Amino acid sequence: METIKQQIEVLRKKIADWNYRYYVLDQPAVSDFEFDMELKRLEKLEAEYPEYYDASSPTQRVGSDISKNFVQVEHLYPMLSLTNTYSEGEISEFYNRTKKALNEDFEIVCELKYDGTSISLIYENGVLVRAITRGDGARGDDVTVNVRTIRTIPLRLQGSNYPPLFEIRGEILLPWQVFNQLNEERAEAEETRFANPRNAAAGTLKTLNPQIVAQRKLDSYLYSVLGNGLPYDGHYENLEAARSWGFKISDAMRKCHSLDEVFDFIRYWDIERKNLPVATDGIVLKVNSAKQQLNLGWTAKSPRWAIAYKFQAESVETRLLSVDFQVGRTGTVTPVANLEPVLLSGSVVKRASLHNEDIIRQLDLHLGDWCRVEKGGEIIPKITGVNKEARFMIGDTVRFIRNCPACGTPLVREPDEAAYYCPNRSGCEPQIKGMIEHFISRRAMNINAGEGTVDTFYKAGLIRNVADLYDIRFRDICCLERWGEKSAANFMESIQLSKQVPYERVLYSLGIRFVGETVAKRLANACPDIDDLMQADLSRLTSIEEIGDRIADSILAYFADDNNRKLIERLRSNNLQFALSEDILAGRTEVLKGKTFVISGVFTQHSRDEYKELIERNGGKNSASVSSKTDFILAGENMGPAKWEKAQKLGVKIISEQEFLTMI
Ligand code: IVH
């Protein structure tokens, strides 16, 4: 009879193997159904017998919901970068230089250069113990909790010939398909789109909630093994060994014995890479033998035994037909070029971003110009130059407009910003619609309305601002085009439900410039009702954590506008939440009044953000750095040594989680 412990171990091993076949080999061994059933069985056993908890169990892939700020960790070996070149000539030079320096036979391994974010993984006795971002090359962020959710990274290794302690480095990637889908979702939720999969992967890896990371379906390719006691001298052979331990190693890897072979590889992959599911931006050449690598050595920045050949960003020339100026929700005006349609990396491009006035000026852009359009990993192509020699008859100079294209109001440009915006917040159609769309969006008031609703209501004259939503009656909408009794009833119900949305989300929903979700939360905590917030002056606002002059000015300007005050009065009379709830208020005290805290390290009972909130709720203040004004350091595990030293010097009291909780 198997013991419970054995049952759990057998299940873990089986599921880890299925994961490997599915995610790394791309060869599923069982149906999704069977997989889910076994995973559930394991989850159930682990819940019943918590004494067998293991951070490497496949059930831990979903990520815990405890969020922690990241701790900085020193790299075992510095994470250097590569010398880059776009020139085939420099590749030949690298090859010949290497040949001369080594003066013996050598092999060059060619690999793809993956365009994601780099990661260093540490394995101890076959178990993933730490994952660190590149950081500044010497120290990076410990993102182990997030990396554990990536299915192609083994938590526990297969086989046996791995060293007891080693490091493996590689790239974390967000596949194109996931990237596109993610951006669609973000657009829907009115969040800014990621510019390219690299930013999206890096951003995801630094997300504080590992559950979100788990949903994002990151992928990985590992490209170098480091440590003592590796099985082979050859980099290529070690990667093959790592493949057998369960890592995802690219098949696009070749050992070359001549320059011709290197160029074959480069030319083949310059075309073929377009069919890959992830972004690549070049080829990396590495001397295979570790002994020879050591011989060639490193400069301060990069190894002498490797070089990256970068592919030219694809570009093409086409004519500029016209320039549109679009007004966004916050009034920012963006210039967009309309181009003669042209094929670029597999899709037809008709529009390109022109960013701002300064860029238009630098390009010296005229209508009818032949422009160079590039698609460097970004989704929206950009114009990078003008072919002045191709000018036959010169068209009008493209000038940034001075008045809003939607409402005619003179545009404003803040001294330190590149963008122009239309200040007519409450009278400019795209801004009004944008603001209402933001107000009803899921993360804001979460009012259930299908696509096109704001447009329909606006056209029907039902809404000119967010407060008008609460005056809508069932009879106003049940007979609109594409609306019926059911959809009208759903909408009315969702309007009622929105009256329970908490104060901080109502603040976020108002769409005050620079007031995102985090700032709204901070404001709500510091000013427990809207009257308090409306009366707050510059110095009070800037004393709130993370709120500087720019945000404070925007808040002051918002409340100085009579239209906005009236709007808030109307929303208030419709019973929206404009104060912290009784529950939260009941938990507030003044016990920490006048005390300033610095938080450092990793905590077990609450997350760092929760501690910050607890400090504020109990009348205390947070500060990022230790100074003579600091009263306490709330220290978790792995408190930064610099902070510790400074605290000692200044005689600041260091307290533990438990001591803090007792205090409040
Ligand atoms: S080797 C000492 N191999 O490119 C340098 N890097 O500038 C070791 N990268 O940030 C790096 N694919 O994240 C290497 N096959 C590959 C790579 C690769 C992508 C990234 C890496 C690093 C950058 C180098």
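The analysis underlying the following values was restricted to heavy atoms, covering all of them including side chains, and did not include hydrogens, waters or symmetry mates. When a ligand or atom number is given, it counts from 1 through the structure's own listing order. Everything quoted here is computed from the prediction, not taken from an experiment.
A salt bridge is absent between Arg361 and Asp364; no separation between the charged side-chain nitrogens and carboxylate oxygens falls under 4.0 Å. For Arg243 and Asp251, the salt-bridge test passes: some basic side-chain N is under 4.0 Å from an acidic carboxylate O. A salt bridge links Asp17 and Arg21; the closest N-O separation between the charged side-chain nitrogens and carboxylate oxygens is under 4.0 Å.
Partners of Lys113 according to the salt bridge (charged side-chain N to carboxylate O under 4.0 Å, His left out) rule, which considers only residues two or more places apart in sequence or in another chain, are Asp281.
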Could you list each N/O atom of ligand 1 together with any protein N/O atom closer than 3.5 Å, one pair per line with the distance?
from     : atom 1 : to     : atom 2 : distance (Å)
ligand 1 : 3 (N)  : Lys286 : NZ     : 3.0
ligand 1 : 4 (O)  : Lys113 : NZ     : 3.3
ligand 1 : 7 (O)  : Leu82  : N      : 3.1
ligand 1 : 12 (N) : Tyr114 : N      : 3.0
ligand 1 : 13 (O) : Ser118 : OG     : 3.4
ligand 1 : 13 (O) : Glu171 : OE1    : 2.5
ligand 1 : 13 (O) : Glu171 : OE2    : 3.4
ligand 1 : 13 (O) : Tyr223 : OH     : 2.9
ligand 1 : 15 (N) : Glu111 : OE1    : 2.8
ligand 1 : 15 (N) : Leu112 : O      : 3.0

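When every heavy atom of Arg198 is checked against every heavy atom of Gly116, the shortest pair comes out as CG-O, 3.3 Å.
Put simply, the residue from Tyr309, Phe106, Trp305, Phe263 that forms a ring pair (Phe, Tyr, Trp, His ring centres under 6.0 Å) with Tyr95 is Phe106.
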